Asks: 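Structure below; questions to follow.
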Amino acid sequence: MKIGMVCYPTYGGSGVVATELGINLAKLGHEIHFVAYAVPSRLNEYYDNVFYHEVKVLEYPLFEYPPYSLALASKLAEIARYQNLDLIHAHYAIPHATSAYLAREILKNDHPLKVITTLHGTDITLVGKDPSFMEVTRFSIEQSDGITAVSEYLREKTIEIFGIKKPIDVIYNFIEEQSDQKKKCDSIRHKIAPHGEIILSHLSNFRPVKRVEDVVEIAFRVLQKIPVKVMMIGDGPERSKAEARARELNISEHVHFLGKQDNVYLLLSASDVFIMPSNLESFGLAALEAMACGVPCVSSNAGGLKELVKDGISGYTAEVGDINRMSQLVLQIVQSPGFREKLSRSSREYAFANFHVDKIIPQYLNLYETVLSQQNQ
Ligand code: GMT
């Protein structure tokens with residue numbers, strides 16, 4: 001198949017999922033054309049069958065708001081026509097599903113094209129339902145030939161908010177085996193925790209929905225009982241506040257803000273417990289990545305996290321904002337080395353048993369085939 005993969009190139013889960021999906025499909029022999037306004041962050045090497053097309057928006061004095069959605073639609077139509085695409089897979093509804101719809105309409109008399117939209121979270125729960133986007137979000141989702149959501153929670157929310165009548169398939173996010181990073185990860189562990197302290201980790205885009213300050217509060221409470229170090233991976237609007245809170249609590253020397261990092265698997269592997277206190281998470285890809293590294297997760301029970309973080313198997317959940325409970329849960333895990341090891345093993349097993357790339361990619365392929373066969377009826 002020839003597939004146009006549209007995504008945000010930034011340090012966020014939807015772009016990561018789109019990129020990993022494209023790379024894995026290319027390995028299976030499909031031709032993948034990534035379309036974005038910058039190179040997707042995880043597309044950092046050459047792959048056979050993978051192409052990248054950058055969207056540029058004309059700057060013009062009239063345009064106070066340069067119309068990216070239109071430039072994207074135009075680019076998609078051009079690529080679909082000249083690269084002979086079978087379908088466009090839009091990740092994140094706004095504006096990708098809308099631009100893909102437009103491209104399909106542009107080509108409708110001379111090039112059959114299908115559109116699949118994967119809903120990731122805030123395109124529904126936060127941005128998409130805002131009155132300024134509501135109608136166009138609903139329309140663009142309804143117009144897609146195939147719709148997927150990354151969790152059961154998100155599927156239900158989409159139906160509840162938009163009243164979508166078309167079937168929405170739940171296809172979970174996925175992870176793959178990483179080559180053995182034990183040696184490199186030991187050296188990181190030694191640098192961060194020279195005295196063999198427990199390491200807690202957090203990875204996100206540091207937006208308000210992630211509640212990064214809660215991670216600092218949890219670290220403070222855990223530090224009252226045992227020595228720990230914390231790796232804060234990523235960057236975003238809430239970072240300064242979280243750093244300031246760490247200074248206020250006088251724990252800065254224990255909380256390392258590493259900023260954006262490329263090899264997150266390596267860093268996560270060096271930690272013992274991952275913390276995700278989010279206000280809302282339709283899935284929580286970073287938690288799954290931690291679990292795949294054998295790192296159990298202490299998270300909030302918001303949204304789709306309950307489909308991923310299973311109490312006593314892959315970590316523990318607590319109510320949003322319950323930092324005392326989350327601190328207790330962290331302590332419960334790390335204070336018993338035997339239990340910590342058991343939970344580390346079961347987290348990894350659970351992650352691979354349910355979210356392994358080999359289990360998930362066939363679900364997307366199946367959907368592509370179903371949608372494309374409808375075209376020929
Ligand atoms: O809105 C965001 O937080 C970013 C968005 C993205 O584009 O990365 O994240 C969403 O998609 C991820 C990948 O499917 C999910 O793992 C995240 O849970 C989801 N974020 C939210 O629902 C807040």
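Whatever order the structure lists ligands and atoms in, that order sets their numbers, starting from 1. Worth knowing before you read on, the calculation uses all heavy atoms, side chains too, and leaves out hydrogens, waters and symmetry mates. What you see is a predicted model; the values in this text were computed from it and never measured.
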Asks: Among all protein heavy atoms, pick the one closest to atom 11 (O) of ligand 1 and tell me residue, atom and distance.
Replies: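 For this ligand atom, the closest protein heavy atom is H120 O, 3.2 Å.
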Asks: Treating D272 as the side-chain partner and I199 as the backbone partner, does any N or O pair qualify as donor plus acceptor under 3.5 Å?
Replies: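 Such a contact is found between D272 side chain and I199 backbone.
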Asks: Considering only non-hydrogen protein atoms, determine which one is nearest to atom 17 (C) of ligand 1 and report residue, atom name and distance to 0.1 Å.
Replies: E281 OE2, 3.2 Å
Asks: Taking the minimum heavy-atom distance to atom 15 (C) of ligand 1, which of G15, G284, A286, G304 ranks first?
Replies: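 Of the listed residues, G284 has the closest heavy atom.
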Asks: Give the atom numbers and elements of ligand 1 that come within less than 4.0 Å of a heavy atom of N173.
Replies: 13 (C), 14 (O), 16 (O)
Asks: Would you mind running through ligand 1 and noting each atom that sits below 4.0 Å from a heavy atom of G121?
Replies: 22 (O)
Asks: Taking all non-hydrogen atoms of both residues into account, name the closest pair between Y316 and D311 and its distance.
Replies: CA-OD1, 3.3 Å
Asks: Within less than 4.0 angstrom of ligand 1, does H91 place any heavy atom?
Replies: no
Asks: Identify the heavy atoms of V215 and V230 that sit nearest to each other, and give their distance.
Replies: CG1-CG1, 4.4 Å
Asks: Checking a contact table here: which protein heavy atom is nearest atom 7 (O) of ligand 1, and how many Å away?
Replies: S14 OG, 2.4 Å
Asks: If we set the cut-off at 4.0 Å for heavy atoms, which region of V150 has an atom near ligand 1: side chain, backbone, both, or neither?
Replies: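 Contact part for V150 vs ligand 1: side chain (C-beta onward).
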Asks: Between R348 and E177, is there a salt bridge with N-O shorter than 4.0 Å?
Replies: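 Yes, charged N to carboxylate O under 4.0 Å.
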Asks: With a 4.0 Å cut-off, would you call E217 and R245 a salt bridge?
Replies: yes
Asks: If you group Ile, Leu, Val, Met, Phe, Trp and Tyr by side-chain heavy-atom gaps below 4.5 Å, do F34 and L365 land in one group?
Replies: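 Same hydrophobic cluster.
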Asks: Counting only heavy atoms, which portion of T125 has something under 4.0 Å from ligand 1: side chain, backbone, both, or neither?
Replies: neither
Asks: Numbering the atoms of ligand 1 from 1, which are under 4.0 Å from a heavy atom of T122?
Replies: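 So the atoms of ligand 1 that pass are 1 (O), 2 (C), 23 (C).
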Asks: Please identify which atoms of ligand 1 are closer than 4.0 Å to at least one heavy atom of L285.
Replies: 16 (O)
Asks: Note the single closest protein heavy atom to atom 23 (C) of ligand 1, along with its residue, its atom name and the distance in Å.
Replies: L280 O, 3.4 Å
Asks: If you count the atoms of ligand 1 from 1 in the order shown, which ones are under 4.0 Å from a heavy atom of R207?
Replies: 1 (O), 2 (C), 3 (O), 4 (C)
Asks: Going by an N to O cut-off under 4.0 Å, is there a salt bridge joining R42 and E289?
Replies: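 Salt bridge between R42 and E289, a charged N being under 4.0 Å from a carboxylate O: yes.
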Asks: State the atoms of ligand 1, each with its element, that fall below the 4.0 Å cut-off from a heavy-atom position in G13.
Replies: 6 (C), 8 (O), 12 (C), 13 (C)
Asks: Among protein heavy atoms, which lies nearest atom 22 (O) of ligand 1, and at what distance?
Replies: S282 N, 2.8 Å
Asks: Whether the side chain of H91 engages the backbone of T118 through a donor-acceptor N/O pair (distance < 3.5 Å, no angle test) should be reported.
Replies: no
Asks: Out of the candidates Q363, K359, E307, only one should pair with Y172 under the side chain to side chain donor-acceptor pair (under 3.5 Å) rule; please name it.
Replies: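 Option passing the side chain to side chain donor-acceptor pair (under 3.5 Å) with Y172: E307.
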Asks: Would you call R239 and E243 a salt bridge, taking side-chain N to carboxylate O under 4.0 Å as the test?
Replies: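 E243 and R239: salt-bridged.
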